[in-house]
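This is a predicted model, so every value here is computed, not measured.
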Amino acid sequence: MSRKRIENNIAYDEGKRKYYVTFHYGIDGNGKRVKKTKTYDTHVAAAEALRIFEMKKRRSEITIPTELTVGMWLDRWLDDVVRPNRARSTVYGYENIIKNHIKPALGKTILQELTPQQIQSYYVDMRGAGLGSNTVHKHHQLLFTALECAVRQEVLHRNPARRVEAPAKAAPRHSFYNTEQMRALFAAVRGMPLEPAVKLAGYLGLRRSEICGLKWENVDLEHGVISICAARTTVGGVTINKGPKTTSSMRTLGISGLTDLEDMLRSIKTEQALKREKKPGYNPDNFVLVHANGQPYAPDYVSGWFTKFVAEQGLPHLTLHGLRHSFASAANELHIPMFKISKALGHSNTSVTSQVYTHLFDDTQNEVLSQVASAIECGGKGEQMSLF
């Protein structure tokens, strides 16, 4: 054998005229020593590579190489971190992104060899395939979070997603009705089976899942209070009952004075009580919104019906969620403080409200600027203003 050791972890092959450096990473989880060998053309290059490696190792900047792929890590992350700690709807969304997009593109790449350039190219490819910037931004958030977990668990030393340009997140533009259009909608929907759903969304700004998940034990008509503490949503074609979207979504809303809404809810409750007397098994879970047979409404049914109804009535296009935006718009027009609008909508903080309804609050800012300018201009026409 022509390879000879010339110093610790460096050997020289006279026949090939190559320097061999052995890098000792440590012991893996199975108790096996892990080492790798690389070749260099010169002794100087070999010694420098070994010096840098040992320096990084002392600084704990070296992780033990594995054959773990990006796809394998994402599966482990889903099983160990996401499924035990996230809502079923969130898990379903992550699974779809990973299965349909990330795995086909990056899944076979060795996790420790994943580069920022590969991730950046992935974002470009996804946009080229027709995905919107907000959708690709969600992919970035998922990848970033999963890789950050790998860093915390010492599978990776650095998160390559930290060194990419995250896809731009465009502010969504929401359709909504003004108060006159809301009155026309309420008049058109009067007496229809889903009138309660429309008015709960329009009067209170409730989400679809909150409307479908509302139960009578959370409706106190005597004191005029509705408590939002449950949701009913669809995940992978299956309707499930779950907790609210966030802890901030749990809120109590006063409906005293909303005579139209209170009278409608009383009428529904009385009607359901009479049906229950005739049929003891009617509406066993005590939902507020149910079909004639007592089965609760599926969220997709409610939103689908509403979109179709609006089109049939010749009203401007609007989704059921657009009624929540209409509520926010009406509250903003009445100059209700943002923090109160935020609490009513169940947002975690006012920054969320501001981001979602940028178009509304931008208009408010324009009005403020106009009023200040008007005050300054008027002040200049009369007695000179004192600055001291």
Side-chain angles (χ1 to χ4, degrees), residues 86-90 182 186 189 193-235 239-273 275-276 282-291 294-303 306 320-328 330-331 334 336-350 352-353 356-357:
R86 299 289 189 276
R88 186 173 172 183
S89 54
T90 301
M182 289 293 285
F186 282 5
V189 81
L194 284 176
E195 178 186 2
V198 173
K199 291 188 173 178
L200 285 168
Y203 278 135
L204 305 180
L206 299 190
R207 300 177 176 92
R208 179 184 74 166
S209 59
E210 294 169 342
I211 294 169
C212 293
L214 188 62
K215 295 186 178 183
W216 285 114
E217 56 258 37
N218 298 316
V219 179
D220 186 348
L221 293 174
E222 182 180 352
H223 297 96
V225 170
I226 289 180
S227 298
I228 307 302
C229 51
R232 184 171 168 80
T233 190
T234 302
V235 178
T239 301
I240 62 170
N241 301 316
K242 66 185 193 72
K245 186 175 181 180
T246 65
T247 54
S248 302
S249 299
M250 298 181 66
R251 59 201 188 278
T252 300
L253 303 172
I255 61 172
S256 293
L258 295 175
T259 306
D260 183 26
L261 183 61
E262 287 185 296
D263 289 347
M264 181 183 61
L265 290 173
R266 284 194 181 92
S267 177
I268 295 172
K269 190 172 186 179
T270 300
E271 181 182 346
Q272 289 189 11
K275 289 183 177 180
R276 192 172 285 107
Y282 175 85
N283 189 13
D285 294 317
N286 215 24
F287 284 102
V288 172
L289 297 187
V290 295
H291 292 282
Q295 291 297 311
Y297 287 129
D300 288 345
Y301 168 78
V302 177
S303 54
F306 179 79
L320 183 69
H321 199 72
L323 290 175
R324 180 170 162 86
H325 304 319
S326 303
F327 168 86
L334 293 170
I336 296 172
M338 191 191 300
F339 80 92
K340 290 188 176 181
I341 298 176
S342 181
K343 287 181 70 66
L345 290 169
H347 287 158
S348 56
N349 53 59
T350 55
V352 175
T353 312
V356 173
Y357 299 107

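The shortest side-chain heavy-atom distance between Ile240 and Thr233 falls under the 4.5 Å cut-off. No side-chain heavy atom of Ile211 sits under 4.5 Å from any side-chain heavy atom of Tyr297. You'll find the side chain of Val288 stays beyond 4.5 Å of the side chain of Pro196, heavy atoms only. Within the 4.5 Å cutoff, the side chain of Asp263 has heavy atoms near those of the Arg266 side chain. Counting heavy atoms from C-beta outward, Val302 and Cys212 have side chains that approach closer than 4.5 Å. Residues Leu194 and Val189 have side chains not in contact (no heavy-atom distance under 4.5 Å, counting atoms from C-beta outward). With a 4.5 Å cut-off on side-chain heavy atoms, Leu214 and Glu210 do not count as touching. Taking the side chain as every heavy atom from C-beta outward, Pro299 and Thr239 approach each other to under 4.5 Å.
Here the CZ-CG distance, from Phe186 to Leu261, works out to 8.5 Å after rounding to the nearest 0.5 Å. Atom CG of Asn283 is separated from atom CZ of Arg276 by 5.5 Å, given to the nearest 0.5 angstrom. Atom CD1 of Ile255 and atom CG of Asp260 lie 11.0 Å apart (nearest 0.5 Å). Of the inter-residue distances, the one linking Leu206 atom CG with Ile228 atom CD1 reads 4.5 Å to the nearest 0.5 angstrom. Considering CG of Asn286 and CG of Asn218, their distance stands at 9.5 Å, rounded to 0.5 Å. In this structure, CE in Met182 is found 5.0 Å from OG in Ser326, a value given to the nearest 0.5 Å.
Taking both residues in full, the closest heavy atoms of Ser256 and His223 are given as OG-O, 3.6 Å, listed atom of the first, atom of the second, then distance. Residue His291 comes nearest to Tyr301 through the heavy atom pair CE1-CE2, 3.5 Å, listed as atom of the first residue, atom of the second, then distance. Shortest non-hydrogen contact noted between Trp216 and Gln272 is NE1-OE1, 2.9 Å. Listed here is the closest heavy atom pair of Leu320 and Phe306: N-CD2, 3.4 Å. Minimum interatomic distance between Lys269 and Leu221 (heavy atoms only, all atoms of both residues): CD-CD1, 4.3 Å.
Panel note: side chain Arg251, backbone Ala344; a donor-acceptor pair is recorded below 3.5 Å. One N or O on the side chain of Arg324 and one on the backbone of Gly205 form a donor-acceptor pair closer than 3.5 Å.
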task: Determine, stepwise, if the pair Lys242 / Arg88 fulfils side chain to side chain contact (heavy atoms under 4.5 Å, CB included).
output: CA-CA 9 Å; Lys242 66 185 193 72; Arg88 186 173 172 183; over 6 Å; no
